[in-house]
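Report on one structure; see the data block that follows.
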Amino acid sequence: MYKIAAVGDRDSVLGFASIGLDVFLPEDSKDALHLIKHLSEEGYAVIFLTEALACELSGELEKFHSSPLPSITLIPGARGNTGEGMKQISRFVEQAVGSDIL
């Protein structure tokens, strides 16, 4: 059975625990990268990652985009939205449909 995780700072992801997701609070971006690799090996199908962490890990996250699992979905953090999540969704839609319909 696949699992779902939320990774980010305490204020941004703690609420996900109330709906049954596994919540992880990495110390820094290096710890977050090791954690994401570990979660992908442990059968997590969806990983919600805060945009702030994703910006720090942008190059390292590219290799996860070519594999079907896990799906790394960016979420805004408690300190605000950087817009990276919408840019990512727009790129995926454009790749799937052939044009930007958002």
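Here the structure is a predicted model, which is why all the values come from computation and not from measurement. Residues take their numbers from the sequence shown, with the count starting at 1.
- Looking only at side-chain heavy atoms (C-beta outward), Pro70 and Leu39 stay at 4.5 Å or farther from each other.
- Nearest heavy-atom pair, Leu53 versus Gly8, reported as atom, atom and distance to 0.1 Å: CD1-CA, 3.8 Å.
- For the residue pair Lys63 and Lys37, the shortest heavy atom distance occurs at NZ-CE, 3.3 Å.
- Summarising the geometry, atom NE2 belonging to His34 is positioned 13.0 Å from atom CD belonging to Glu27; distances are rounded to the nearest 0.5 Å.
- Expressed to the nearest 0.5 Å, how far OH of Tyr44 lies from OG of Ser71 amounts to 15.5 Å.
- Rounded to the nearest 0.5 angstrom, Ile72 CD1 and Leu61 CG are separated by 5.0 Å.
- Rounded to the nearest 0.5 Å, atoms CG (Asp31) and CD1 (Ile36) are 10.0 Å apart.
- In the hydrophobic cluster analysis, where Ile, Leu, Val, Met, Phe, Trp and Tyr join through side-chain heavy atoms closer than 4.5 angstrom, Ile75 is grouped together with Ile19.
- The shortest side-chain heavy-atom distance between Ile47 and Phe64 does not fall under the 4.5 Å cut-off.
- Pairing each heavy atom of Ser29 with each of Glu56, the nearest pair is CB-OE1, 3.0 Å.
- Across all non-hydrogen atoms, the minimal contact from Gly77 to Ser12 is CA-OG, 3.3 Å.
- For the pair Ala32 and Leu57, the tightest heavy-atom approach, listed with the atom from each and the gap, is CB-CD1, 4.0 Å.
- Residues Val13 and Val7 fail the side-chain proximity criterion, which asks for heavy atoms closer than 4.5 Å.
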